[in-house]
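Nothing here was measured: the structure is a model prediction, and the numbers come from that model.
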Amino acid sequence: MRELFEKLLKMDRRWIFLLVGIALMVPILKPLKLPGLKASTPVQDLYTYIEGLPEGSKVLISFDFDPASKPELEPMGAAIVRHCMRKKLKVVAMTLWVTGASLAQRVVESEATAAGAKYGEDYVYLGWKPGNVAVITGMREDIHVVFPKDSKQTDLSKIPMMQDIRRLRDFDLAFSFAAGSPGLDTWIAYGADKEKVKMGGGSTAVNVPSMAVFVQSGQLVGFIGALRGAAEYELLMNFSGTATRGMDGIALGSYLVAALIILANIGYWLTRKPKGVA
Amino acid sequence: MRIAAVPLTVLLATAALGQEAAPPVPEAPKKFAVVDFPFDGGGALAATWEKMPYDDRVSYVILSAPAKEGPWTACLTVKGTEGWKSEAGLPPGGWGGEKDVHYAKITKLADAGMAPVVEDGRETWFRIRATLDDKVLESEPVAATSSKNPPLAAVAEVKFEDFTSDNGSAVAATWRAGPDDEKTTYYVLVAASENGPWAVAESTPGGENFMPDAGLPFWLWGRDKDVHFLKITKSPLGPLQPNEDPATHTRAPTPDWWFRLVAESGGSRWESAPVKLRPEWNVFDWAKLNKFFYMIGFAAVCLVVIRIARGRHLFIRRIPGLDAVDEAVGRATEMGKPIYYLTGRNSMTDVSTVAATLILGEIAKKVATYDTQIKVPHTDAIVMAVCQEITREAYITAGRPDAFREDSNFFVTDDQFGYTAAVDGMMVREKPAACFYMGYYYAEALLLAETGASTGAIQVAGTDADHQLPFFVTACDYTLIGEELYAAGAYLSREPVLVGTLRAQDVGKAVILAGLLILTVVATIAQWVSASETDPKKAWSWQEVWIFDLVRGN
Amino acid sequence: MLFAKRQLPLIICFVVGVVTALQDFVPTNFSQKVSIWLSDWYIIAAMFASLLGFGSVALVHSGRIRRQMKGWGYSVLVFVGVVAMFAVGVISGGKEVSDSGSPTPLTWMYVYAMVPLQATMFSLLGFYVASAAFRSFRAKSLESTLLLAAALIVLIGNVPFSNYLWSAKMGLTEWQGIKIGMPDIVGWVMSTPNVAARRGVAFGVALGAIATALKIIFGIERAYLGGGD
Amino acid sequence: MSFGDIAGLWLATGLTLFLFSFLYRDNPFYKLGEHLYLGVTIGYMLVKLVYETWIPKVWNAENYALVIPPVIIGFLLLTRFVPKVSWLSRWSFAFIIGYGSGLAIPATFTSIILKQAEATTRPLVTVPTAAEQKALEAAEKTLADTRAARGNEAPETRAAEKAALSARRSGTYSWVRAYADVTTIILFLGVFSVLFYFFFSIEHKGPVRIFSRVGVLFLMIYFGASYGYTVMGRFALLYDRLLDVRKASGGDAWFATPIILVLMIGVLVWRHRTGKASEEPSH
């Protein structure tokens, strides 16, 4: 027993790498659907709010992240777009992060195609414009001035659904999925608060604590926190997407790390005593 | 003839506009409403309705009746080209002034000399009839009752003043809340001259927007909860201009603005006398006065303590991680392997980088004496240049200028993980005897430290990056936590300037500790006292105690 | 000459530092404009600084190639990478999206080369957090036991399945109105002892940062100028 | 998928697997990825510098008078390449470092010291306010009335009971309030003791020692909790990479993953057999 633990303590770390790899790979190959995932209140609130919007309501989604944060934010963006499409809401998507421009487009296009939505009538992708806060303040005055053309270089004035969407306040709900600043906090301070537009959003795990303030103060109708929040949303949407499977992987990985730590400590306590003494 | 003219004009219009459709066939006037005429002594009603297509060819007749069923009598005729709400000369405020809305004041119930007048308190029915060429269109009947509107009690302490501590584009309006505040709506009107025209710049329902909501500290602004406050930055006439020439940024006269306050409650109204005011730019933001004092105070403490430190020896407690430095350098000498020294990923403007360069100087001295090799991969070119100078200086001080190698400091790349990939590769290939991670790090911290650990190097980290401390603590042999990084330079060099600064920081910490203690005691007592306030009108929260303004960042 | 080498830099530093620091207290438009100028100047100067760094890289790797040092072929790859990326950037006119709305070759390089490289290096952390924890989380003392315990609680508590066992199976959700579900416990640890310690560290760091900045502005700290005359 | 996309997937998958191979040991594939990465990032930075700084801020500047000083500052930096005049770069350092320091002072005061101090000052022991007590009385009364009118089992009574319970928790000194107070006290104690730990001018003896020891304990919880919390985020990143590798293994990507993987393993085994691998250190 002692020898076994001694071996364990001296184990080549590449075995740990292998175990971690396996733990995360298993749910990719075969979803486990571990029970216990339950929508937290802010996620539930967001879901309920969108459920309550009448068909044809206008929704703005800003994908404010770059490739580095894609793993955490893309699944929640996809889930929200999917929900909006399912509810037949009009979706206007955009980004404040230049490095996120093509990411956002991919999410919107793939979800919209899957739902059979029509470009220009059910959804529009505006792309990116420089200016950060200035983009938001400009959109308060006139979206058509800030974005004269959409990402496909079509004049906004020629896009059917943009006819009655002129200003930020024309939206029934606005979202920001943010990896930092400019992001959710910027949208709240310069957009939602000034125009009384309802705001929802999501952020990466690191930013969840700092965003909790806005959830508590009621400035957000709902909030999705990191991959776990996205998994909760997928649960409400009743499908098992990337986030749900990712949560399985994270669960296995976390348990693996915890088990390794515990084993190592048992080993440490067993092997610590000098030989011959009980 | 006129009958024929209609389709002709429509046709012509259609042809002129290309494929756009002709305006729709007229319907009855929309949004016809009759309400009590506000702000009068009674005996009058006001009718409003929306403009129709071909409005210039329409004539409107307002009909009245004592009951919904009739009988109807014509009481007023209005041409389609006249009678606009915007021209009604009504006082601005809740009454708006839309250009596309018709308006008529009704005082008589029939269009005749001796016709009965509108009586207060009696319900009368009205409808509107629009005649467009040969078409007659009538709206649904609506009921209205006139009433006497006594003047509203005067609002006390109305004040308009420049909003201090800004760039000169805002004005503050304050006034005391009256007894019926909750039912009152307030409007701040603005005009370019004393005689108007007046337009609404800001408005607020009563019961909202009081002085504490201004968010300004007590030394700058009152805290009276009964006094309303509105910040005015723009008006329908354009934004308020600072008294400044936009090209040269010198003071330049700007036009005066006139302000007045209007209070409205249930059809009654009160207006303040107009006040002339010009927003001024301010050179100092008084809301930041507390911060300014702290800054000056701390600067003074630093300078004084550094002077003291130059005169005599000041004590510094032992910093455990630093004993490892000598051990690490010694081991590198024994093994004949290089030392890796990383200065973090922030630029030279970051304090942790400065601290890292200081410690590099001390370590480089030891390295030069022991004749070991040091390698400093960089992610910022300026830091690299500075470190080159510091390393050179250290070798000169140690008396080994010959051993100095210019390329011991070298640039890798700005990119976070490109840098990490390269440094990881180097560490695995060269197997350094010791690795130092000083300065500010991001996610690469663990990637570097764990790779370093796998090569068997002694590792000493020092960072003020709170989010990466856990990883360094886990993967390194010794870690300087937060401020210890700054202290390390002082501890190693014993230079009076550094030691003095460290002591000044301790003074600062003592002040913070004392401040936190006092504020917490005040907060606790204030909560107890405020909790016993039974009158809901006088209720207050402990946060409102003035002392907390001292720690409010503005 | 000595003035230009020693005193002038200190004067520049003092003037720029004081102007920048006081700018925060002056709300006028001119002061805003000055701060924009200074930040633009800084960005432009930083651009040249990057060139300094790239020059250093070029020297190192060209030296390796010239001297045919071991593995010099890899140094050639560095230049290949630079030239390829820069050429693609120039072809694309530095834009992510072309005027016709389609992604440019720059985007292609970014999406298929930069992003996977970055993301993969970043994701190696997933392996390293496991191995580092295994190697060093040992209950050797009260201190290290607390570290270990906090890590385990958060690690396990973050998994929804743990809460399933804890709340749904063991019925631990609330006691006297206090929520004691797994997420609540994790939340408490993260928002109370964790925040307290971070704040304590932050105060010290802030004071140290301000003190160093003051010293630099007043010319007491001049290590950044290097030694010599 | 277009040819461009498939080529891209092959490139991306190859680079990903090359970097992952570092986990096994240093090897030519990692070196290849590493050096290419270095070059690509520098190339990208150059593109960004030219198109996002040089052209908009210098070349197309509105006022050239305002651009000359920073360009001079920049060129002075480059004197580092000429040792004789390299001292000129000090002027640039002075500007850059002075600017950074000036920016840091007021910002640090606001964003850290004042903000954190404000967040830390809370009443340590709270008492129910008069309004909360009044609300409790009202809730109790409603409960009694509902119970009298509807009986004990009616859903209205249950709801009123719930409301009264929560009113009791805020209207009296309850466990909930005690819990909140204890949390505040622990928070305060933590900040206080950690600050104590960072005193450098006193020897850690006697009561100071106790306080700073408590501070160390708080630091340890912080390190552990933060570590544990980050694991989730890091696994999310790794999961995403593995997902991409998996996606690139199908027929629509022309089996990029398995082919590259087999080739890599083949080369590594061959190198091992021929003894070439021993030139690379394992770790």
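- Across all non-hydrogen atoms, the minimal contact from D:Ala12 to C:Pro116 is CB-CG, 3.5 Å.
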Worked verdict on C:Leu38 versus D:Leu103 for side chain to side chain contact (heavy atoms under 4.5 Å, CB included)
CA-CA 10 Å; C:Leu38 285 175; D:Leu103 213 56; over 6 Å; no
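- Listed options C:Met85, C:His61, C:Arg199 were ranked by heavy-atom pairs under 4.5 angstrom with chain D; first place goes to C:Arg199.
- Annotation: maximal heavy-atom pairing with chain D below 4.5 Å, among C:Phe86, C:Trp41, C:Trp188, C:Trp108, occurs at C:Trp41.
- Residue C:Gln23 does not touch chain D at all, counting heavy-atom pairs closer than 4.5 Å.
- Of all the listed residues (C:Ala119, C:Ser123, C:Gly17), the one sharing the greatest number of non-hydrogen pairs under 4.5 Å with chain D is C:Ser123.
- Of all the listed residues (D:Val67, D:Leu187, D:Leu165, D:Thr41), the one sharing the greatest number of non-hydrogen pairs under 4.5 Å with chain C is D:Leu187.
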May I have the step-by-step check of side chain to side chain contact (heavy atoms under 4.5 Å, CB included) for D:Glu34 and D:Phe22, ending in yes or no?
CA-CA 10 Å; D:Glu34 171 202 332; D:Phe22 184 65; over 6 Å; no
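- Under a cut-off of 6.0 angstrom, the local environment of OH in D:Tyr51 is crowded, with over 12 non-hydrogen atoms contributed by other residues, nucleotides or ligands.
- Using a 4.5 Å cut-off between heavy atoms, C:Ala211 makes no contact with chain D at all.
- With a threshold of 4.5 angstrom between heavy atoms, C:Val90 approaches chain D through its backbone and through its side chain.
- Ranked by non-hydrogen atom pairs under 4.5 Å with chain D, the options C:Leu155, C:Asn158, C:Val189 are led by C:Asn158.
- For chain C, the option among D:Phe95, D:Phe75, D:Phe93 with the highest count of heavy-atom pairs below 4.5 Å is D:Phe95.
- Both the backbone and the side chain of C:Val201 come within contact range of chain D, with heavy atoms under 4.5 Å apart.
- Proximity to chain D is limited to the side chain of C:Leu59, based on heavy atoms less than 4.5 angstrom apart.
- Listed options D:Ser89, D:Gly215, D:Ala236, D:Ala117 were ranked by heavy-atom pairs under 4.5 angstrom with chain C; first place goes to D:Ala117.
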List the steps, then state whether side chain to side chain contact (heavy atoms under 4.5 Å, CB included) holds for C:Ile180 with D:Tyr179.
CA-CA 12 Å; C:Ile180 52 161; D:Tyr179 168 72; over 6 Å; no
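- Of the listed residues (D:Gly4, D:Ser193, D:Gly33, D:Ala180), the one with the most heavy-atom contacts under 4.5 Å to chain C is D:Gly4.
- Here D:Tyr197 pairs with B:Glu484 under the side chain to side chain donor-acceptor pair (under 3.5 Å) rule; sequence neighbours left out.
- Contact count versus chain C (heavy atoms, under 4.5 Å) is highest, among D:Phe18, D:Phe192, D:Phe20, D:Phe196, for D:Phe20.
- Between the D:Ser101 side chain and the C:Ile217 main chain, no donor and acceptor come within less than 3.5 Å of each other.
- If you measure heavy-atom distances from C:Ala87 to chain D, you find no contacts under 4.5 Å at all.
- In this structure, D:Leu19 and C:Thr120 approach most closely via the heavy-atom pair CB-CG2, 3.8 Å.
- Of the two parts of C:Tyr110, only the side chain, counted from C-beta on, holds a non-hydrogen atom closer than 4.5 Å to a non-hydrogen atom of chain D.
- Nearest approach of C:Ser162 to C:Ile156, heavy atoms of both residues: OG-O, 2.6 Å.
- Heavy-atom distances place both the backbone and the side chain of C:Leu52 under 4.5 Å from chain D.
- With a 4.5 angstrom heavy-atom cutoff, C:Ser92 does not touch chain D via any of its atoms.
- When the shell of 6.0 Å around NZ of D:Lys48 is examined, it contains more than 12 heavy atoms from other residues, nucleotides or ligands.
- In this structure, OG1 in C:Thr212 is found 11.0 Å from CD1 in C:Ile220, a value given to the nearest 0.5 Å.
- Residue contact with chain D, scored on non-hydrogen atoms closer than 4.5 Å, involves the backbone and the side chain of C:Val129 alike.
- In this structure, chain C has no heavy atom under 4.5 Å from any part of D:Val245.
- For chain D, no part of C:Ala84 is nearby; none of its heavy atoms comes within less than 4.5 Å.
- Of the atoms belonging to D:Ala119, heavy atoms from both backbone and side chain fall under 4.5 Å from chain C.
- Between C:Phe14 and C:Leu10 there is no side-chain heavy-atom pair separated by less than 4.5 Å.
- With a 4.5 angstrom heavy-atom cutoff, C:Glu221 does not touch chain D via any of its atoms.
- Ranked by heavy-atom pairs under 4.5 Å with chain D, the first of C:Phe137, C:Phe79, C:Phe48 is C:Phe48.
- Residue D:Val47 comes nearest to C:Gly89 through the heavy atom pair CG2-CA, 3.8 Å, listed as atom of the first residue, atom of the second, then distance.
- Chain C is approached within less than 4.5 Å, heavy atom to heavy atom, by D:Trp175, D:Val176 from residues 171-178 of chain D, ordered by number.
- Neither the backbone nor the side chain of C:Ala46 comes within contact range of chain D; no heavy atom of the residue lies under 4.5 Å from a heavy atom of that chain.
- Chain C forms the most heavy-atom pairs under 4.5 Å with one residue out of D:Ser92, D:Gly190, D:Pro106, and that residue is D:Pro106.
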Intermediate values then yes/no, side chain to side chain contact (heavy atoms under 4.5 Å, CB included), D:Thr13 and D:Leu17:
CA-CA 6 Å; D:Thr13 312; D:Leu17 293 175; 4.1 Å; yes
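- Contact count against chain D (heavy-atom pairs under 4.5 Å) is highest for C:Ala4 among C:Gly71, C:Ala209, C:Ala4.
- Counting only N and O atoms by type, the side chains of C:Ser144 and C:Ser141 include a donor and acceptor under 3.5 Å apart.
- Open room surrounds CH2 on C:Trp72; 12 or fewer heavy atoms of other groups in view lie less than 6.0 Å from it.
- Distance alone, capped at 3.5 Å, is enough to place a donor-acceptor pair between the C:Arg138 side chain and the C:Phe134 backbone.
- If you measure heavy-atom distances from D:Thr120 to chain C, the contacts under 4.5 Å come from both the backbone and the side chain.
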